[in-house]
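Structure first, then comments.
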There are 2 protein chains.
Amino acid sequence: MHSPLITHIRKFVSLTDEEATLLSSKLTQLKLRKKAFVLTPGKRCTANYFVVKGCMRLYFITDKDVEQITQFGIEDWWITDYDSLDRQQPSHFYIQAVEDCEVMVLEQKVQEELFKQIPVLERYFRLILQKAYTAAQRRMEYIFTMTEEERYRSFSTRFPAFNQRVPQYMVASYLGVTPQFISRVRAKKARIS
Amino acid sequence: MHSPLITHIRKFVSLTDEEATLLSSKLTQLKLRKKAFVLTPGKRCTANYFVVKGCMRLYFITDKDVEQITQFGIEDWWITDYDSLDRQQPSHFYIQAVEDCEVMVLEQKVQEELFKQIPVLERYFRLILQKAYTAAQRRMEYIFTMTEEERYRSFSTRFPAFNQRVPQYMVASYLGVTPQFISRVRAKKARIS
DNA sequence: CGCGACGTTGATTTGCCTCAACGATTGTGG
DNA sequence: CCACAATCGTTGAGGCAAATCAACGTCGCG
């Protein structure tokens, strides 16, 4: 029996048992209480986080002092601030546990070493990034072609489980609308059905 | 003297001259007249395009029959529909030359073979995708935190050259606003200065 | 119990779109 | 080479979707 991460990687590339063991030995497991942070603004992001269990959020505070969520990470998703990671600059993001979480921490330095020892990992992360990029593109399609009401409805049908696990105001923030707006849409929906 | 693509790759990874030659031999050069297409809806996207000279656009037609541009590609940028490429499904995008263009065509199949022969390419594309993903994330930040007027102003100061090379209505489409709106903002700007 | 976090509802405001008409420029066929 | 059409940008009037401001209800928790 292997960790969820190894299972996930093997969906994309093949990994020998030795490689899997080596990789596992380089990761640290982290249990997080709801609302715990692994990154706060001003700090450099030095790791990539794989969510084994629970739900994380990546967000920042806008000029108008509003939380803007840019990404959620649930089971089998990586979450990090690639910009800070890449440029080795302080982040302006928070990464926080929305629920009690279990994550695997892959430090950037360790990742670089592992790429030398397990070249196929480079491929794995290329594929992961391609998927993430495609998802980001699609999200922009939704933003540009749908009204906010359509976007909310679409979101809540495409990710029903999601919609239950995170509070309304976070969904609102992720969709870029106000909590009041979502409340109204829900009220309308309820009245119809 | 090497091709712009080799030069670009060498900014990210090191490539032997043999590798560079091999790679070059696997690429085809393509000259495009303004308004020529390399991808249209219904066709599968089978290649990744590197813009050597000129400007390309990736766009689709919305339900309301409006062109929505999701990406521009200028010198030293790759442009493709990763979704179609990845899932081997018909695309719903157009990829078109905005100006007369010169592009290098890397067929997906060829790319896969090359990864075996030149493993470091895998790293190159991982890094490119990471940059693209980060840019997409930042674009969403702009979308969520700025008004459309601010977004236009920000865009035209951050990419002044850009703003001159593509017609207004394409900038409008990329920013998700109407051409009329941009026109009004420009009028306002002119009145002030 | 009392306080803070979260959600709801109503009234008003506003940023941008839509529709429409009209110049200016480009480009194309006779 | 000119005439006419198509393309692109501008401007005005009116409308609407969602934000903002504000007050209130409710639940969970220290």
Side-chain angles (χ1 to χ4, degrees), chain A residues 33-37 55 57 59 61-69 94 96-100 142-156 162-193, chain B residues 33-36 55 57 59 61-69 72 94 96-100 142-156 162-193:
Chain A
R33 279 282 166 75
K34 183 174 174 172
K35 299 196 178 174
F37 293 97
C55 178
R57 67 201 265 239
Y59 72 96
I61 305 290
T62 70
D63 305 336
K64 289 164 198 143
D65 279 330
V66 179
E67 285 181 5
Q68 176 60 55
I69 298 178
Y94 297 84
Q96 186 191 33
V98 174
E99 309 170 337
D100 289 353
Y142 285 124
I143 290 172
F144 285 132
T145 58
M146 294 179 174
T147 67
E148 313 203 333
E149 176 163 349
E150 286 170 332
R151 244 159 55 218
Y152 170 68
R153 291 187 191 281
S154 153
F155 176 86
S156 52
F162 218 153
N163 210 15
Q164 287 158 3
R165 283 169 67 173
V166 309
Q168 300 270 333
Y169 77 93
M170 287 194 194
V171 173
S173 171
Y174 178 78
L175 294 173
V177 301
T178 57
Q180 290 96 319
F181 179 70
I182 291 210
S183 180
R184 281 180 234 277
V185 173
R186 283 171 59 93
K188 209 194 287 184
K189 197 189 246 167
R191 208 177 314 126
I192 291 165
S193 56
Chain B
R33 280 280 165 77
K34 184 173 172 172
K35 297 194 182 175
C55 180
R57 65 201 266 240
Y59 72 96
I61 305 290
T62 69
D63 304 335
K64 288 164 199 145
D65 278 330
V66 179
E67 286 181 4
Q68 177 60 54
I69 298 178
F72 287 114
Y94 297 85
Q96 187 191 32
V98 174
E99 310 169 336
D100 289 354
Y142 285 124
I143 290 172
F144 285 132
T145 58
M146 294 180 175
T147 67
E148 315 204 331
E149 176 164 348
E150 287 169 330
R151 241 156 61 214
Y152 170 68
R153 291 187 193 281
S154 152
F155 176 85
S156 51
F162 219 153
N163 209 15
Q164 287 157 4
R165 283 171 68 174
V166 309
Q168 300 271 331
Y169 78 92
M170 286 193 195
V171 173
S173 170
Y174 178 78
L175 294 174
V177 302
T178 57
Q180 291 94 320
F181 179 71
I182 291 210
S183 181
R184 283 179 232 276
V185 173
R186 284 171 57 94
K188 209 194 287 183
K189 198 189 245 168
R191 208 178 315 126
I192 292 166
S193 55

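Heavy atoms only: backbone and side chains are in, while hydrogens, waters and symmetry mates are out. Note on naming: letters A, B, ... go to the chains in the order of the sequence lines (proteins, then strands), and numbering restarts at 1 for each one.
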Rounded off to whole Å, could you give me the CG-to-C1' distance for the A/Leu175 and D/dA18 pair? 14 Å
For the helix from C/dC1-D/dG30 to C/dG30-D/dC1, measure the angle between the helix axis at one end and the axis at the other, each built from five pairs, rounding to 10°. 40°
Check the distance between D/dA17's P and A/Gln180's CD and give it to me in whole angstrom. 18 Å
What's the NZ-P distance between A/Lys64 and C/dG15, to the nearest Å? 10 Å
Is the base of C/dG10 touched by the side chain of A/Arg184 through a donor-acceptor pair closer than 3.5 angstrom? yes
By nearest nucleotide on DNA chain C, pick out whichever of A/Lys35 and B/Met146 is the more 5' one. A/Lys35
Measure the spacing between CE of B/Met146 and CZ of B/Arg153 and express it to the nearest 0.5 Å. 12.0 Å
Calculate the interatomic distance between A/Gln168 atom CD and C/dG7 atom P; express it in whole Å. 5 Å
Using the side-chain hydrogen bond (donor to acceptor under 3.5 Å, both in side chains) rule, pick out the option among B/Lys34, B/Arg33, B/Lys35, B/Arg165 that qualifies with B/Glu99. B/Arg165
Atom pair distance, as rounded to whole Å: CE in B/Met170 and P in D/dC8: 7 Å
Can the positive tip of B/Arg57 be found less than 6.0 Å from the middle of the six-membered ring of B/Tyr59, inside 45° of the ring normal? yes
Looking at C/dC16, C/dC19, C/dG7, which one has an atom nearest to any side-chain atom of A/Pro167? C/dG7
With the side chain of A/Phe181 defined as its heavy atoms from C-beta on, choose the nearest nucleotide among D/dC21, D/dT11, D/dA18. D/dA18
Between B/Glu149 and B/Lys188, does the salt bridge (Lys or Arg N to Asp or Glu O under 4.0 Å) criterion hold? Intermediate values first, please. CA-CA 11 Å; B/Glu149 176 164 348; B/Lys188 209 194 287 183; 2.9 Å; yes
NA contact type, B/Glu149, heavy-atom cut-off 4.0 Å: base, sugar-phosphate, or nothing? sugar-phosphate
OP1 or OP2 of D/dA19 sitting under 4.0 Å from any side-chain N/O of A/Thr178? yes
Take atom CD of A/Glu148 and atom P of C/dC16, then tell me their distance rounded to the nearest Å. 12 Å
Is the phosphate of D/dA17 approached by A/Thr147 (side-chain N or O, under 4.0 Å from OP1 or OP2)? no
Return the SG to CE distance between B/Cys55 and B/Met170, rounded to the nearest 0.5 Å. 8.0 Å
Round to a whole Å and report the spacing from NZ of A/Lys188 to C1' of C/dG10. 16 Å
Listed nucleotide nearest any side-chain atom of B/Ala187, set C/dG7, D/dT11, C/dC16: D/dT11
Within the structure provided, determine whether A/Val177 and A/Ile182 are in side-chain contact (heavy-atom separation under 4.5 Å). yes
Indicate, with yes or no, if the rings of B/Phe155 and B/Tyr142 have centres closer together than 6.0 Å. no
Output the rounded distance in Å from OH (A/Tyr169) to P (D/dT20). 18 Å
